[in-house]
Amino acid sequence: MGAHGDLKKLIKENFPDFENELVNEISKEGELVLFPADDLIMDIGQKVEQIPLIVKGIVKVFREDEEDNEIFLYYLNPGEACAITLICSAREGFSKIKAIPMEDTTAVVLPISKLDEWMPKYQSWYFFVMDSYQDRFEELLKVVDAIAFRQMDERLIEYLEKTAVASQSRLIKETQSQIALELNSSREVIGRLLKKMEQQGRVKVSRNQIELLK
């Protein structure tokens with residue numbers, strides 16, 4: 001089939017709503033890039049010059065302040081793009097988020113000039129961008145609500161459930177320190193809550209691994 005044909009096949013599989021003409025343009029303008037696990041795809045303050053469309057793997061998106069405090073925002077899965085990156089691309093701005101692959105991740109990387117060019121040209125691209133904005137806005141509202149209105153045990157179980165869904169595995173390989181960092185808590189608090197959840201039969205905790213039971 002060749003590299004060009006393989007790229008078109010990947011795009012069609014992961015973005016089935018895109019018109020054929022748009023698929024052809026993406027395969028012509030895009031570059032297939034492999035991001036190794038734990039590599040940095042996007043950093044806070046980095047100038048946004050490309051749009052990555054995820055076709056394989058999982059990407060974790062989060063905020064970080066000057067004191068290295070982190071707050072988890074959401075995951076990106078195949079068939080998705082980061083709405084915050086799209087917004088920054090549209091304004092030729094700088095990234096407000098960090099994005100790190102949880103596993104080896106492949107993306108079709110596009111030049112930012114195509115974002116605006118394709119909006120009036122392809123209806124499927126317009127709806128994809130608008131839906132990305134809406135989906136991520138709702139995710140951010142959930143983060144705000146969780147911080148403002150929910151107890152840490154509720155936030156922790158939701159974090160574990162989201163991670164299990166994103167990785168398609170009930171085994172969560174995040175350390176307790178990493179979870180505490182991303183939930184803006186302490187390792188001691190997270191450890192205490194996990195112990196309580198283990199006693200309730202909700203999780204099974206072992207070294208550097210948490211199994212979500214129900």
Side-chain angles (χ1 to χ4, degrees), residues 14 35-91 93-107 109 112 115 128-169 172-187 189-190 193-194 210 212:
N14 289 279
F35 296 98
D38 300 323
D39 200 7
L40 192 63
I41 294 179
M42 185 66 62
D43 199 1
I44 293 173
Q46 178 180 337
K47 185 172 178 58
V48 179
E49 299 178 312
Q50 297 175 316
I51 304 167
L53 304 180
I54 310 299
V55 295
K56 184 180 180 182
I58 311 165
V59 177
K60 179 182 289 183
V61 179
F62 55 95
R63 284 277 294 161
E64 184 180 79
D65 66 14
E66 295 176 354
E67 298 178 355
D68 295 331
N69 295 311
E70 297 177 355
I71 188 77
F72 166 73
L73 298 178
Y74 49 79
Y75 290 105
L76 292 176
N77 295 291
E80 297 180 331
C82 180
I84 297 176
T85 301
L86 292 172
I87 293 169
C88 294
S89 299
R91 300 178 60 188
F94 297 86
S95 174
K96 304 296 190 298
I97 53 92
K98 293 186 78 168
I100 295 180
M102 293 180 63
E103 60 189 39
D104 290 351
T105 295
T106 306
V109 177
I112 61 170
L115 176 65
F128 172 72
V129 172
M130 292 298 105
D131 288 346
S132 296
Y133 289 163
Q134 180 176 339
D135 291 346
R136 297 314 164 195
F137 180 69
E138 290 175 357
E139 289 279 0
L140 294 176
L141 285 181
K142 290 178 183 177
V143 172
V144 173
D145 287 347
I147 294 171
F149 306 119
R150 299 174 68 185
Q151 299 296 318
M152 183 55 69
D153 58 344
E154 294 178 283
R155 293 176 58 197
L156 175 57
I157 198 67
E158 182 180 52
Y159 173 92
L160 296 176
E161 288 171 348
K162 281 186 175 181
T163 303
V165 170
S167 62
Q168 297 183 337
S169 172
I172 292 116
K173 297 184 179 180
E174 304 281 0
T175 66
Q176 293 182 29
S177 297
Q178 182 64 28
I179 294 171
L181 191 64
E182 294 183 14
L183 293 180
N184 199 20
S185 183
S186 68
R187 188 189 182 283
V189 169
I190 297 302
L193 290 173
L194 286 171
I210 302 162
L212 190 61

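Worth knowing before you read on, the calculation uses all heavy atoms, side chains too, and leaves out hydrogens, waters and symmetry mates.
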*Are any of the side-chain heavy atoms of Glu161 and Leu212 separated by less than 4.5 Å?*
yes
*Closest heavy-atom contact between Gly57 and Thr105?*
CA-OG1, 3.6 Å
*Residues that Ala166 engages under side chain to side chain contact (heavy atoms under 4.5 Å, CB included), provided they are two or more places apart*: Ile58, Tyr75, Asn77
*Is Glu103 salt-bridged to Lys173, cutoff N-O under 4.0 Å?*
no
*Decide yes or no for Ile179 and Phe72: does some side-chain heavy atom of the first lie under 4.5 Å from some side-chain heavy atom of the second?*
no
*Would you confirm whether Asp104, through its side chain, and Ala37, through its main-chain N or O, come within 3.5 Å as a donor-acceptor pair?*
yes
*Closest approach of Val61 and Ile97, non-hydrogen atoms and distance?*
CG1-CB, 3.9 Å
*Minimum side-chain heavy-atom gap Leu193-Val189 below 4.5 Å*: yes
*Report yes if the side chains of Phe35 and Ile54 come closer than 4.5 Å at any heavy-atom pair, otherwise no.*
no
*pair Phe62-Leu181: side-chain heavy atoms closer than 4.5 Å*: no
*Does the side chain of Val59 come within less than 4.5 Å of Met42's, by heavy atoms?*
no
*Side chain Lys96, main chain Phe94, donor-acceptor under 3.5 Å*: yes
_Value rounded to 0.5 Å, distance of CZ in Arg155 from NZ in Lys142_ = 15.0 Å
_Heavy-atom pair with the smallest gap, counting every atom of Pro101 and Pro36_ = CG-O, 3.5 Å
*Looking at CG of Leu53 and SG of Cys82, how far apart are the two atoms once the value is rounded to the nearest 0.5 Å?*
11.5 Å
*First locate atom CD1 of Ile210, then atom CG of Leu156, and finally report the distance between them rounded to the nearest 0.5 Å.*
7.0 Å
_Least distance between heavy atoms, Ala83 atom then Tyr133 atom_ = O-CE2, 3.7 Å
*Determine whether Leu86 and Met130 make a side-chain contact, defined as any pair of heavy atoms from C-beta on separated by less than 4.5 Å.*
no
_If I take atom CD1 from residue Ile100 and atom CG from residue Asp39, how far apart are they, to the nearest 0.5 angstrom?_
8.5 Å
*asked:* Rounded at 0.5 Å granularity, tell me how far CD1 in Ile172 sits from CG in Leu160.
replied: 5.0 Å
*Over all heavy atoms of both residues, which pair between Leu73 and Arg63 is shortest? Give the atoms and the distance, please.*
CD1-CG, 3.7 Å
*State, to 0.1 Å, how close Val129 and Leu115 come at their nearest heavy-atom pair, and which atoms those are.*
CG2-CD1, 3.9 Å
_Between Asp135 and Glu80, does the side chain to side chain contact (heavy atoms under 4.5 Å, CB included) criterion hold? Intermediate values first, please._
CA-CA 10 Å; Asp135 291 346; Glu80 297 180 331; 5.8 Å; no
_Whether over 12 other heavy atoms sit under 6.0 Å from Lys162 NZ_ = yes
_Less than 4.0 angstrom from a charged side-chain N to a carboxylate O is my criterion; do Lys60 and Glu70 meet it?_
no
*Roughly how far, to the nearest 0.5 Å, is the OG atom of Ser95 from the CD1 atom of Ile41?*
11.0 Å
